[in-house]
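Below, read A as the first sequence line, B as the second, and so on, with proteins coming before strands; counting in each chain starts at 1.
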Amino acid sequence: MPELPEVETVRRGLAPVLDGARLVRVEARRPDLRFALPDGFVQRLTGARIGTMSRRAKYLLAPLDRGDVLVMHLGMSGRFEVASAKAKQKPGEFHYAPSVDEKHAHVVFHTEDGETVTYFDPRRFGYMDLIPAEALADHPWFKGLGPEPLGEDFNTAHLKAEFAGRKQSVKATLLDQCVVAGLGNIYVCEALHRSGVAPERAAGSLKPKELAVLVETIRLVLAEAIEVGGSTLRDYAAADGALGYFQHRFKVYGREGEPCLKPGCGGTIVRIVQGGRSTFFCPVCQR
DNA sequence: CCCACGACCTGTGGGC
DNA sequence: TGCCCACAGGTCGTGG
């Protein structure tokens, strides 16, 4: 479920292997993911050294010493697996089974240190591109992006300005990456539930107090998810090297028909469809 | 300009 | 057991 917390968790899992690493071999096992891989993808990466892995919204960024930035988006089903050379030396502790999903292993990066990073993506909604560093900010994928929800530019004043006069539902508005960058279907549902705001409300109808609560709640929900991802990341790393998915107990998402977990609420979670996507909420405590 | 909706692609799980 | 449909974390383009 690659929303911001998952992408951040993936970044943290890849950083120890890719930060400062030189790529000695790159395999593009098919010419395209969601979009065609850029011209010379393999050649432009082979021999390049990666700087420090970073993240913007749901994009992973690997800056190269040649001036390009390798930009990666996980789409719906993208994930990485790391096969560590060191890990292979301790077969009792680590076990990597590269053939489990060979069919969807679309891109493979080999580092000078003997590490292998494999990108899997069954649905192929993910994508990669090489973009000159100086052109990143003006690139269509990044130009209109809203602030990072965990940064200081995301605050009540920002949300007030973005929500002002909007008739669109607050659910759909929060999914808009131009309003705030990195939220997805799950964490919007979770943040609205925790804030006590009904998803069908027009964004422009939220009161200042509700906006303030929403800002703080979004931060909390994402920060907690990153924390969970961090601890799960250690488990995964110890188990099989897979990155990108982890367990999380959600309060509303996927809980249709189950009792609301807000203390004293007593409501039942319902599922509706907004913009073709499922929204889960409690009609009792979300108003 | 704003918004709803279908498309993209494949896998999985539930119901019959 | 097998088949068919609904649905799945995200964007992007089209059309009203």
Length of the line joining [X]:[atom1] and [N]:[atom2], which is rounded to integer Å:
X: A:Gln274; N: B:dC5; atom1: CD; atom2: C1'; value: 14 Å
X: A:Asp176; N: C:dG10; atom1: CG; atom2: P; value: 13 Å
X: A:Lys58; N: C:dG9; atom1: NZ; atom2: C1'; value: 8 Å
X: A:Leu175; N: C:dG9; atom1: CG; atom2: P; value: 10 Å
X: A:Asp121; N: B:dC9; atom1: CG; atom2: P; value: 12 Å
X: A:Leu243; N: C:dG9; atom1: CG; atom2: P; value: 21 Å

- Side chain to side chain, A:Glu81 and A:Val117, heavy atoms closer than 4.5 Å: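 With C-beta onward as the side chain, the pair stays apart.
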* For the residue pair A:Phe80 and A:Tyr119, does the interplanar ring angle fall in the parallel (under 30°), tilted (30 to 60°) or perpendicular (over 60°) class? ->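 Rings of A:Phe80 and A:Tyr119: tilted, as their planes differ by 30° to 60°.
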Within the 4.0 Å heavy-atom criterion, would you say A:Ser77 contacts the bases, only the backbone, or no part of the nucleic acid?
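Here A:Ser77 touches no strand at all.
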Exercise for the section: Determine: side-chain N/O of A:Gln177 to OP1/OP2 of C:dT11, distance under 4.0 Å, yes or no. Expected result: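 Yes, because at least one side-chain N or O of A:Gln177 sits under 4.0 Å from OP1 or OP2 of C:dT11.
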Look at the side-chain N and O atoms of A:Arg277 and state whether any lies under 4.0 Å from the OP1 or OP2 oxygen of C:dG9.
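Yes, within the criterion.
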In 5'-to-3' order, the base (B), backbone-only (S) or no-contact (-) status of each nucleotide in nucleotides 10-16 of chain B, using a 4.0 angstrom heavy-atom cut-off, is BS-----
For DNA chain B, what are the stems built from at least three Watson-Crick or G-U pairs in a row, each pair having both distances below 3.5 Å?
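B:2-8 with C:10-16, B:10-16 with C:2-8 - these are the stems of 3 or more pairs that involve DNA chain B.
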